[in-house]
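Please read all numbers here as calculations on a predicted model, not as lab measurements.
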Amino acid sequence: MLFVGLGVAETVRALVTGDGGLAFWFGTLVGGGTLILLSTVRLQARPGLSLGALIIGALAASVATAWTVVLPLLALLLIVLRLTTTPDPERSPERGDARRTRGRWR
């Protein structure tokens, strides 16, 4: 949400002042933030697609906020956390535990 909010603010600023860079600010911040939100909210059923959207969104948004140093580090932390906590498809809740058979553990 932070990246989307910053993107909206920068887009409004670019439109009001006429400084230019509208495509850059809108594309990187709003686009990247939207990909991050989609990866965490809508794409959980497809872990590979969710991870890809998160990585692309975080990297795109980090380009526009590189001057802050903190936001790109938080985006990198988000990527690392997602990589370390991505569930194994064999043990996903939809399929159940692969070791369990007819209600008993092997």
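For the pair Leu83 and Leu51, the minimum side-chain heavy-atom distance is below 4.5 Å.
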Residues Leu73, Val69; criterion side chain to side chain contact (heavy atoms under 4.5 Å, CB included); working and verdict: CA-CA 6 Å; Leu73 289 177; Val69 178; 4.1 Å; yes
side-chain hydrogen bond (donor to acceptor under 3.5 Å, both in side chains) between Arg82 and Ser50, intermediate numbers included: CA-CA 10 Å; Arg82 177 64 65 89; Ser50 175; 2.8 Å; yes
Derivation and outcome, side chain to side chain contact (heavy atoms under 4.5 Å, CB included), residues Thr65 and Thr68: CA-CA 6 Å; Thr65 58; Thr68 65; 4.0 Å; yes
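Residue Val30 is not grouped with residue Leu22 when hydrophobic side chains (ILVMFWY) are merged at heavy-atom distances under 4.5 angstrom, including chains of intermediate members. Taking hydrophobic clusters as Ile, Leu, Val, Met, Phe, Trp and Tyr residues chained together by side-chain heavy-atom distances below 4.5 Å, Val63 shares a cluster with Leu71. Under a hydrophobic clustering in which Ile, Leu, Val, Met, Phe, Trp and Tyr are joined whenever their side-chain heavy atoms come within less than 4.5 Å, directly or via other members, Leu74 and Leu2 fall into the same cluster. With hydrophobic clusters built from ILVMFWY side chains whose heavy atoms lie under 4.5 angstrom apart, Leu6 shares a cluster with Leu78. Residues Trp67 and Leu76 do not share a hydrophobic cluster, defined by chaining ILVMFWY side chains whose heavy atoms lie under 4.5 Å apart.
For the residue pair Ala66 and Pro72, the shortest heavy atom distance occurs at CA-CG, 3.7 Å. Contact between Ala64 and Thr28 at its shortest, heavy atoms only, is CB-OG1, 3.2 Å.
Atom CH2 in Trp25 sits 13.5 Å away from atom CG in Leu15 (nearest 0.5 Å). In this structure, CG on Leu59 lies 9.0 Å from CD1 on Ile36, to the nearest 0.5 angstrom. Put simply, CZ on Phe3 and CG on Leu35 are 12.0 Å apart, with the number rounded to the nearest 0.5 Å.
Partners of Ser62 by side-chain hydrogen bond (donor to acceptor under 3.5 Å, both in side chains), not counting sequence neighbours: none found. Arg42 meets the salt bridge (Lys or Arg N to Asp or Glu O under 4.0 Å) test with no other residue; sequence neighbours excluded.
Applying the side chain to side chain donor-acceptor pair (under 3.5 Å) test to every pair with at least one member in residues 3-17, sequence neighbours left out, gives these pairs: Glu10-Arg13, Arg13-Asp19, Thr17-Asp19.
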